[in-house]
Amino acid sequence: QVQLVESGGGLVQAGGSLRLSCVASGSIFRINAMAWYRQAPGKQRELVADITSGGSRNYIDSAKGRFTISRDNAKDTVSLQMNSLKPEDTAVYYCNADITTTRLTRMVVWGQGTQVTVSS
């Protein structure tokens, strides 16, 4: 069993910053990749950023230059530093991990989500 727990969401003014964190725990052999998704009301869930075990990073176009995803492999965590936030960044943000378990099975795990609200 693997669990992801997000934290760091909240209310911020446009132009401000937030840092989201996600901690993975459980029967983890290897975290192959971690990612942040977001879903705004009435919108499809979209991939915001991801990072592989080797440190390769990808971002949605709207996040480039503003968001930074990082991993602390020793702590099984991933974070998303969000700067210059805009109202359109408002969404529930979900942590996601591609994990090989201690039973050497592969699974994708989702966190419960954390609300980010950016006011204009």
Side-chain angles (χ1 to χ4, degrees):
Q1 182 174 330
V2 178
Q3 296 178 352
L4 304 178
V5 179
E6 303 106 326
S7 63
L11 175 64
V12 66
Q13 297 287 329
S17 298
L18 285 173
R19 184 177 179 87
L20 307 182
S21 296
C22 174
V23 180
S25 63
S27 303
I28 300 170
F29 176 76
R30 182 177 186 266
I31 300 178
N32 306 302
M34 301 187 79
W36 287 96
Y37 287 74
R38 67 186 180 190
Q39 187 166 24
K43 299 291 186 67
Q44 182 176 237
R45 187 173 298 186
E46 63 181 354
L47 176 64
V48 179
D50 64 60
I51 185 167
T52 68
S53 60
S56 179
R57 301 172 181 177
N58 292 288
Y59 299 93
I60 192 172
D61 284 345
S62 63
K64 292 178 180 177
R66 300 189 299 124
F67 294 4
T68 302
I69 188 170
S70 60
R71 284 180 65 170
D72 185 338
N73 292 332
K75 298 180 179 179
D76 291 334
T77 63
V78 64
S79 65
L80 185 68
Q81 179 66 45
M82 304 186 293
N83 299 324
S84 302
L85 283 162
K86 304 174 181 179
E88 49 263 46
D89 295 317
T90 295
V92 177
Y93 284 70
Y94 296 90
C95 183
N96 171 275
D98 178 353
I99 293 172
T100 300
T101 72
T102 55
R103 296 188 294 177
L104 301 183
T105 59
R106 184 178 176 186
M107 64 186 301
V108 176
V109 184
W110 291 90
Q112 79 285 351
T114 184
Q115 177 71 47
V116 171
T117 302
V118 184
S119 62
S120 60

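Every value quoted in this text rests on a predicted model; they were computed, and no experiment measured them.
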Whichever hydrophobic residues join Y37 through chains of side-chain contacts under 4.5 Å: L47, V92, Y94, V108, W110
Short side-chain donor-acceptor distance under 3.5 Å, S27 and Q1: no
Do the side chains of M34 and I69 get nearer than 4.5 Å, heavy atoms only? no
Applying side chain to side chain contact (heavy atoms under 4.5 Å, CB included) to C95 and V78, what does each step give before you reach the verdict? CA-CA 8 Å; C95 183; V78 64; 3.7 Å; yes
Provide the closest heavy-atom pair for K75 versus V23 in the form atom of the first, atom of the second, distance. O-CG1, 4.4 Å
Quick one: CG on D50 to CH2 on W36, what's the gap to the nearest 0.5 Å? 13.0 Å
Short side-chain donor-acceptor distance under 3.5 Å, S70 and S79: yes
Going from CD1 on I99 to CZ on F29, what distance comes out if it is rounded to the nearest 0.5 angstrom? 13.0 Å
Give the minimum heavy-atom separation between G113 and E6, together with the two atoms involved. N-OE1, 3.0 Å
Just how far is it from atom CD of Q112 to atom OG1 of T114, taken to the nearest 0.5 Å? 7.0 Å
What residues, two or more places apart in sequence or in another chain, satisfy side-chain hydrogen bond (donor to acceptor under 3.5 Å, both in side chains) together with Q115? T117
Audit row: I31, R71, side chain to side chain contact (heavy atoms under 4.5 Å, CB included) steps and yes/no: CA-CA 10 Å; I31 300 178; R71 284 180 65 170; 3.4 Å; yes
Does a donor on one side chain and an acceptor on the other come within less than 3.5 Å for S53 and N73? no
Atom pair OG/CZ of S62 and R38 - distance to nearest 0.5 Å: 4.5 Å
For P87 and A14, work out which heavy atoms get closest and say how close. CD-CB, 4.1 Å
Heavy-atom pair with the smallest gap, counting every atom of G16 and V12: CA-CG2, 3.9 Å
Please check this pair: side chain of R30 against backbone of T100, looking for a donor-acceptor N/O pair closer than 3.5 Å. no
Would you name the heavy atoms of R66 and S84 that are closest together and state the gap between them? NH1-O, 3.0 Å
What distance separates D98 CG from T52 OG1, expressed to the nearest 0.5 Å? 10.5 Å
Taking the basic N atoms (NZ, or NE/NH1/NH2) and the acidic carboxylate oxygens, is any pair closer than 4.0 Å for D89 and K86? no
One should read off an interatomic distance between Q81 CD and L18 CG, to the nearest 0.5 angstrom, of 8.5 Å
Look at the side-chain heavy atoms of Ile, Leu, Val, Met, Phe, Trp and Tyr, link any pair under 4.5 Å apart, and say whether L11 and L20 land in one connected group. no
Shortest non-hydrogen pair, T68 vs Y59, comes out as CA-OH, 3.3 Å
